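Below is one structure; the comments refer to it alone.
Every value quoted in this text rests on a predicted model; they were computed, and no experiment measured them. Positions are given from 1 along the sequence.
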Amino acid sequence: QVQLVESGGGSVQFGGSLRLSCAVSGSISRFAIVGWYRQAPGNQREMVATISSGDSTNYAPSVKGRFTISRDNPKNTVYLQLNSLKPEDTAVYYCNAAQVVSGSQVHVYWGQGTQVTVSS
């Protein structure tokens with residue numbers, strides 16, 4: 001049973017920082033891609049940052065240069081460092097993981113989310 005558990009969310013003021021953690025059950029090496037998405041009220045869920053099994057990274061243009069995604073394989077944990085936070089970063093942040101199980105078939109898993117609130 002694959003489980004993803006996020007932590008580290010909270011309330012900060014403009015320009016503040018947070019570090020989010022995603023604990024993955026079992027080895028994270030079996031997932032082709034692990035990443036972070038976010039969803040604000042009234043908005044669709046959007047990709048924030050991803051990291052592949054080969055350590056290639058991708059970032060949404062709105063967060064590039066401010067957020068950093070990383071992984072710690074021995075701890076089976078993925079992190080998202082959020083710096084220079086803005087009110088528009090306010091959202092529920094979700095961890096996700098994608099696993100190739102057969103050919104082009106992919107299973108996608110989601111965590112329950114952690115709230116990030118940024119005030120001005």
Side-chain angles (χ1 to χ4, degrees):
Q1 183 89 5
V2 175
Q3 294 184 3
L4 310 177
V5 181
E6 303 99 330
S7 62
S11 298
V12 298
Q13 295 185 350
F14 179 88
S17 298
L18 286 171
R19 190 189 194 193
L20 308 183
S21 298
C22 174
V24 180
S25 62
S27 176
I28 62 173
S29 298
R30 70 186 189 275
F31 296 107
I33 298 176
V34 179
W36 291 90
Y37 287 67
R38 68 185 181 186
Q39 187 168 20
N43 293 344
Q44 64 181 357
R45 189 171 297 185
E46 64 175 344
M47 186 274 288
V48 176
T50 63
I51 184 168
S52 73
S53 59
D55 289 333
S56 296
T57 58
N58 284 300
Y59 295 92
S62 60
V63 308
K64 191 174 183 179
R66 299 189 297 120
F67 294 3
T68 303
I69 188 170
S70 62
R71 71 200 306 168
D72 187 334
N73 287 349
K75 293 184 178 180
N76 295 315
T77 302
V78 178
Y79 304 97
L80 185 67
Q81 180 68 42
L82 301 82
N83 295 328
S84 302
L85 283 163
K86 307 173 181 178
E88 50 263 45
D89 294 319
T90 296
V92 177
Y93 285 70
Y94 298 90
C95 182
N96 93 313
Q99 179 184 28
V100 178
V101 295
S102 179
S104 60
Q105 298 296 310
V106 179
H107 287 348
V108 179
Y109 304 94
W110 294 93
Q112 292 181 299
T114 185
Q115 177 71 46
V116 172
T117 302
V118 185
S119 62
S120 59

Inter-residue atom distance Arg38.CZ - Asp89.CG, 0.5 Å rounding: 5.0 Å
Atom of Gly35, atom of Ile69 and distance for their closest heavy-atom approach: CA-CD1, 4.0 Å
Cluster question for you: counting only ILVMFWY and a side-chain heavy-atom cut-off of under 4.5 Å, with indirect links fine, are Ile33 and Met47 together? no
What heavy-atom pair brings Ser53 and Phe31 nearest, and what distance separates the two atoms? CB-O, 3.8 Å
Do Tyr109 and Gln99 have side-chain heavy atoms sitting under 4.5 Å apart? yes
Connected via hydrophobic side-chain network under 4.5 Å: Ile51 and Trp110: no
Tyr79 side chain to Thr68 backbone, donor-acceptor under 3.5 Å: no
Among Leu82, Leu85, Leu18, whose side chain to side chain contact (heavy atoms under 4.5 Å, CB included) with Val118 holds? Leu85
So Asn96 and Arg45, do their side chains get closer than 4.5 Å, heavy atoms only? no
Is any side-chain heavy atom of Asp72 closer than 4.5 Å to a side-chain heavy atom of Ser70? no
Working to the nearest 0.5 Å, report the span between OG1 of Thr57 and NZ of Lys64. 8.5 Å
Grab the two heavy atoms, one from Leu4 and one from Cys95, that are nearest each other, plus how far apart they are. CD1-O, 3.6 Å
Nearest-0.5 Å distance that lies between atom CD in Glu6 and atom OH in Tyr93: 12.5 Å
If I take atom NZ from residue Lys75 and atom CD1 from residue Ile28, how far apart are they, to the nearest 0.5 angstrom? 12.0 Å
Applying side chain to side chain contact (heavy atoms under 4.5 Å, CB included), run through Val2 and Arg30 and close with a yes or a no. CA-CA 11 Å; Val2 175; Arg30 70 186 189 275; 3.5 Å; yes
Which atom pair, heavy atoms only, marks the closest approach of Trp36 to Ser21? CH2-O, 3.6 Å
Please report the closest heavy-atom contact between Leu20 and Gly9, naming both atoms and the distance. CD2-N, 3.6 Å
Can you hop from Tyr59 to Val34 via hydrophobic side chains spaced under 4.5 Å? yes
Could you check whether atom CD of Gln13 has more than 12 heavy atoms from other residues, nucleotides or ligands sitting under 6.0 Å from it? no
Same cluster or not: are Val116 and Val63 linked, directly or through other Ile, Leu, Val, Met, Phe, Trp or Tyr residues, by side-chain heavy atoms under 4.5 angstrom apart? yes
Could you measure the distance from the CG atom of Asn58 to the OG1 atom of Thr50? Nearest 0.5 Å is fine. 4.5 Å
Over 12 non-hydrogen atoms of neighbours within 6.0 angstrom of CD in Gln112: no
Evaluation steps, side chain to side chain contact (heavy atoms under 4.5 Å, CB included), between Tyr37 and Glu46: CA-CA 5 Å; Tyr37 287 67; Glu46 64 175 344; 5.8 Å; no
Enclosure of Gln44 CD (heavy-atom neighbours >12, cutoff 6.0 Å): no
Could you give the distance from CG (Asn76) to OG (Ser25), rounded to the nearest 0.5 Å? 8.5 Å
On a heavy-atom basis, the closest approach of Pro87 and Ser120 is CG-CB, 4.2 Å
